[in-house]
Amino acid sequence: MKTRPAGIGNVNADWMGSLPFKLSAMPLKHLAVPGSHDSFTYWVDVQAPVGPDQKSYVKYLATMFSVLAKKVMVKWSMTQNLTFKEQLEAGIRYFDLRVSSKPGEPGNEIYFIHGLFGHKVCDGLLEINSFLNRHRKEVVFLDFNHYYAMEAQHHVYLINMLKEVFGSKLCNNCEVESVTLDYLWQKKYQVIVFYHHPSAQAIPAMWPGNKIPAPWANTTQPNKLTQFLETTLRERAKQGSFHVSQAILTPKANTVAKGLVWGLRSCLVEKNLPTIMSWVEAQRPGVEGVNIITSDFVELTDFANIVIKLNNLLVSEQDRKPR
């Protein structure tokens, strides 16, 4: 499959603000929202040590073979090509975030992490905030779901950073059912932060992880993935939460070994995208339907456009209801 930069540019930069009033009044958990998996991996640092999220044998190989091993890791660590700004302009509104300190580095600086270290978290947040300042009706989900090498002081540092960068844009934790775009616009909220760690429990602006379950299929087979997505969707209505459908395949050790120099995109993603995207195109948002859908390499297909346009089905449903 050739890279097809569909949906890239700012065509979807204001898609939330452009939704008809019938949808802006609907709970956000019933709308279809495009998201990215390991959203920050468009750049990783091959000069830095291997991240603490890796197994000991990977760290050993990286120490022994240094740059060569890290070049291989880059091919399997990177799941996106677009920066935060480019993803936002393309319509992505959910970001899957994994963070870590750098062991041995003085201070409390926090970095994005996926095998290798990425940018400083602060730089990424500032980039997102800059977009939000220009697009006042757009809302983002920031899902901080994995933490590595982080002590209590690192969590304090990160939570304070989130407050300082986004300020009054942060939506306080509340009943999911009450969160509509109309509500968020009225309050001038643009950021919903999910913080999957006990250190944030007493902080109103940090939402608990159980309000955004993201079941993980952990498979290399697209048919098993779609079956899993269907099963977990059927269970979501009783949870009363937001919901992430991770439309992604996960390499096993033997997958990496067989395609060592080719990487995730060539070995797993490109050849299976047609099957995965066929599933996405067949979905419906709503009470028992999809909410957030995530993908690797969101620019390879019309992913964001396809997910956003699923919301048109809700407009049709509303129009058919008796007045």
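Residue indices begin at 1 and follow the sequence shown.
Here the side chain of D96 pairs no donor or acceptor atom with the backbone of S36 at under 3.5 angstrom. A donor-acceptor contact shorter than 3.5 Å links the side chain of S101 to the backbone of A149. Using a distance-only test at 3.5 Å, with no hydrogens or angles considered, a donor-acceptor pair links the side chain of T41 to the main chain of Q80. Distance alone, capped at 3.5 Å, is enough to place a donor-acceptor pair between the N272 side chain and the L268 backbone. The backbone N or O of V290 lies less than 3.5 Å from no partner atom in the side chain of Q283, so there is not a single donor-acceptor pair. Checking side-chain atoms of Q246 against main-chain N and O of H37 turns up no donor-acceptor pair under 3.5 Å. Under the 3.5 Å distance criterion, the side-chain polar atoms of D182 are left unmatched by any main-chain donor or acceptor of T180. Distance alone, capped at 3.5 Å, is enough to place a donor-acceptor pair between the Q190 side chain and the E138 backbone. Side-chain atoms of K163 do not come within 3.5 Å of backbone N or O of L170 as any donor-acceptor pair. With S245 contributing its side chain and A247 its backbone, the two residues share no donor-acceptor pair below 3.5 Å.
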task: Just do the side-chain hydrogen bond (donor to acceptor under 3.5 Å, both in side chains) check on S24 and W185 with the steps written out, would you?
output: CA-CA 9 Å; S24 64; W185 296 339; over 6 Å; no

field: Derivation of the side-chain hydrogen bond (donor to acceptor under 3.5 Å, both in side chains) call for S130 and R134
entry: CA-CA 7 Å; S130 177; R134 298 192 307 275; 2.9 Å; yes

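Of the options N81, I92, I128, a side chain to side chain contact (heavy atoms under 4.5 Å, CB included) to Q87 is made by I92 and by none of the others. Residue I212 forms a side chain to side chain contact (heavy atoms under 4.5 Å, CB included) with just one option from H196, K29, H243, and that option is H196.
Centroid-to-centroid, the aromatic rings of F95 and F112 stay 6.0 Å apart or farther.
In this structure Q227 satisfies the side-chain contact (heavy atoms from CB on, under 4.5 Å) test with no other residue, sequence neighbours excluded. Take H155 and apply the ring-ring contact (aromatic ring centres under 6.0 Å, His included) test, not counting sequence neighbours, and it matches Y147, Y195, H197. Listed by chain and residue number, E89 satisfy the salt bridge (Lys or Arg N to Asp or Glu O under 4.0 Å) test with K85 (two or more places apart in sequence, or in another chain).
Minimum heavy-atom separation, S241 to V176: C-CG1, 4.0 Å. Closest approach of A32 to W15, counting heavy atoms only: O-CH2, 3.6 Å. Contact between I110 and Y157 at its shortest, heavy atoms only, is CG1-CD2, 3.9 Å.
Using the six-membered ring where Trp is involved, Y42 and F84 have ring planes that are perpendicular, over 60° apart on the 30 and 60° scheme.
Between Y183 atom OH and L28 atom CG the span is 12.0 Å, to the nearest 0.5 Å.
Using a 4.0 Å cut-off between charged nitrogen and carboxylate oxygen, K137 and D14 do not count as a salt-bridge pair. Under the 4.0 Å criterion applied to side-chain N and carboxylate O atoms, K102 and E109 are not assigned as salt-bridge partners.
At most 12 non-hydrogen atoms from other residues, nucleotides or ligands lie less than 6.0 angstrom from CD of E288.
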